[in-house]
Amino acid sequence: MIDDDSVVADGSEPAAPATPRTPHSERPVARARRAKAHELIEQLVAEGRVRIIDPDEVAEWRRVVNYAKRHGLEPAGKRIEKVPYGGPGMELFLADGLHPNARSQRPKEGGDPVPVPSRLGNLHPIVTALKDDERRLVMPSVLRRRSLLLLQGLSAEAVRRGYEVRKAHSLFHPREGGVDIAIDGLPYTVSVRQEFPQSLDPDRSSRLVVELAHGLTDRPGRWRDRKTRTLEEALNAVLGEIEVRAAEDARRRQDEQQVIVEREVRWRAAVEVAKEQAVREQLAQALREEAGRWQESAALSAYCTALERRIGELHGVVDEPTLSQTRRWLEWARAYMRGRSTP
């Protein structure tokens, strides 16, 4: 009998032990991205802003930023924001506070409910115009009435909070209708529609949906009737979401304005540096020209001195006509030098 664990029952070779898979966080790509994320955070803390100019690198740096956000690498009380830079480029900077999309920043559905009227009377002018427009909210009359009451409750509460209610300029399907609620001049479109208009199920066909246009955000913006909460009870969450988006947009506008101001400051500083460099170059050119003239004057003066000495040495050696001609040349040279030195 052979007592050998290396031999299996059927006599075949034993299977090789399975190699454990490398955790995703330890794979080369993840390690490289983690290192770049730490490097980015350190640079942002030290310098405030980082610019990605090469468009081929923008996508990779977006992934690095997303990695830093997912793994909680942002400094405490800060978040990484991105804005366009120089066309296809991107500028990264640290902004204060949590990102509006963070779970802790989402509006709660509790709080005081928004009052919804029971009658279609004393409506807001925008809701009145919507009520009179038969091309909008094309649905059964019971649902249309409920839709108008929801929009009236939302509009009245918005006005009470100091916001402006405007005619919605979005292109709606005939089954939809809505209003714009403007905070600090920025409109946010809220619409109501029948969720399942084609359904033959009475329960499904009676459901409504309240939607908040997405705009530039990926935040949630759709509310439905639930077993535990009606749309009437969700209006406070709808307004809360609008307020969060308005705060997010206000911060974005402030950050973008800050970027513009800083860019203007850098541009003016660059202009001043360029002016200083231009003046410096102009003075340097003048200096080089002046030095060149000085060197030429010194050379001419040395030449005249040497020529005068040579004339003295040749006196009595060279015939007089030749010496006279050389003296006249020396006199002309000195006259030329005096003319050069005259301003």
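Only heavy atoms go into these numbers, but all of them, side chains included; no hydrogens, no water, no symmetry mates.
- Summarising the hydrophobic clusters (Ile, Leu, Val, Met, Phe, Trp, Tyr; side-chain heavy atoms under 4.5 Å, direct or chained), the residues clustered with Leu287 are none.
- Here the side chains of Val65 and Lys82 are in contact, with some heavy-atom distance below 4.5 Å.
- In this structure, a donor-acceptor pair under 3.5 Å is present between the side chains of Thr189 and Asp180.
- Tyr163 and Glu243 share a side-chain donor-acceptor pair at under 3.5 Å.
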Open item on the list: Assess the residue pair Arg253 and Gln257 against the criterion (side chain to side chain contact (heavy atoms under 4.5 Å, CB included)); give the C-alpha distance rounded to whole Å, side-chain angles, the decisive distance to 0.1 Å, and a yes or no.
Closed with: CA-CA 6 Å; Arg253 283 189 297 177; Gln257 186 62 36; over 6 Å; no
Residues 299-308, side-chain donor-acceptor partners within the protein, below 3.5 Å, at least two apart:
unit_1 : atom_1 : unit_2 : atom_2 : d
Tyr303 : OH     : Trp329 : NE1    : 2.9
Thr305 : OG1    : Ser301 : O      : 3.0
Glu308 : OE1    : Arg334 : NH2    : 2.4

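- Under the side-chain contact (heavy atoms from CB on, under 4.5 Å) rule, Leu148 has a single partner from Arg146, Arg144, Gln152, which is Arg144.
- Between the CD atom of Glu157 and the CG atom of Leu239 there is a distance of 6.0 Å, given to the nearest 0.5 Å.
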TODO: Given side chain to side chain contact (heavy atoms under 4.5 Å, CB included), test Asp249 with Ile183 step by step and report yes or no.
DONE: CA-CA 10 Å; Asp249 290 338; Ile183 299 179; over 6 Å; no
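- Formation of a donor-acceptor pair under 3.5 Å by the Glu74 side chain with backbone atoms of Ile80 is found in this model.
- The hydrophobic cluster containing Leu200, built from Ile/Leu/Val/Met/Phe/Trp/Tyr side-chain heavy atoms closer than 4.5 Å, comprises no other residue.
- Looking at heavy atoms from C-beta onward, Glu211 lies in side-chain contact with Glu176 at the 4.5 angstrom threshold.
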TODO: Start with the C-alpha gap between Thr322 and Asp319, add the side-chain angles, then the distance that decides, and say whether side chain to side chain contact (heavy atoms under 4.5 Å, CB included) holds.
DONE: CA-CA 6 Å; Thr322 301; Asp319 61 276; 2.9 Å; yes
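- A cation-pi contact, defined as under 6.0 Å to the ring centre and within 45° of the axis, is absent between Arg33 and Tyr67.
- There is no path of hydrophobic side-chain contacts, each under 4.5 Å, that joins Val142 to Leu231.
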Task: Chi angles and distances behind the side chain to side chain contact (heavy atoms under 4.5 Å, CB included) call for Trp223, Val209 - done: CA-CA 6 Å; Trp223 293 264; Val209 177; over 6 Å; no
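- Taken from CZ in Arg166 to CD1 in Ile181, the straight-line distance is 11.5 Å, to the nearest 0.5 Å.
- Put simply, Phe196 and Leu150 are part of two different groups of oily side chains (I, L, V, M, F, W, Y) that touch within less than 4.5 Å, one to the next.
- How far CD of Glu256 is from CZ of Arg251: 13.0 Å, rounded to the nearest 0.5 Å.
- No more than 12 heavy atoms of other residues, nucleotides or ligands lie within 6.0 Å of CG in Asp184, so this atom counts as exposed by the packing criterion.
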Please set out all donor-acceptor pairs under 3.5 angstrom arising from side-chain atoms of residues 270-284, sequence neighbours excluded.
unit_1 : atom_1 : unit_2 : atom_2 : d
Glu281 : OE2    : Arg288 : NH2    : 3.0

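- Atom CZ of Arg49 sits about 5.0 Å away from atom CD of Glu91, to the nearest 0.5 Å.
- Taking the ring axis of Trp61 as reference, the NZ or CZ atom of Lys36 stays within 45° of it and closer than 6.0 Å to the ring centre.
- Asn236 places none of its side-chain heavy atoms less than 4.5 Å from the side chain of Pro113.
- Formation of a donor-acceptor pair under 3.5 Å by the Arg175 side chain with backbone atoms of Val138 is not found in this model.
- Judged as a side chain to side chain donor-acceptor pair (under 3.5 Å), and not counting sequence neighbours, the contacts of Arg207 are Asp203.
- Asp225 CG to Leu208 CG: the interatomic distance, rounded to the nearest 0.5 Å, is 6.5 Å.
- The neighbour count for Arg268 CZ, taken as heavy atoms of other residues, nucleotides or ligands under 6.0 Å away, does not exceed 12.
- No single ILVMFWY cluster, assembled from side-chain heavy atoms under 4.5 Å apart, contains both Ile260 and Leu94.
- Glu320 CD: more than 12 foreign heavy atoms inside a 6.0 Å radius.
- Taking CG of Leu137 as the start and CZ of Arg145 as the end, the distance is 14.0 Å to the nearest 0.5 Å.
- Defined by atom type and a distance below 3.5 Å, a donor-acceptor pair is present between the side-chain atoms of Gln258 and Glu262.
- Residues passing the salt bridge (charged side-chain N to carboxylate O under 4.0 Å, His left out) test with Arg135, sequence neighbours excluded: Asp133.
- Here the side chains of Arg222 and Leu212 are not in contact, with every heavy-atom distance at 4.5 Å or above.
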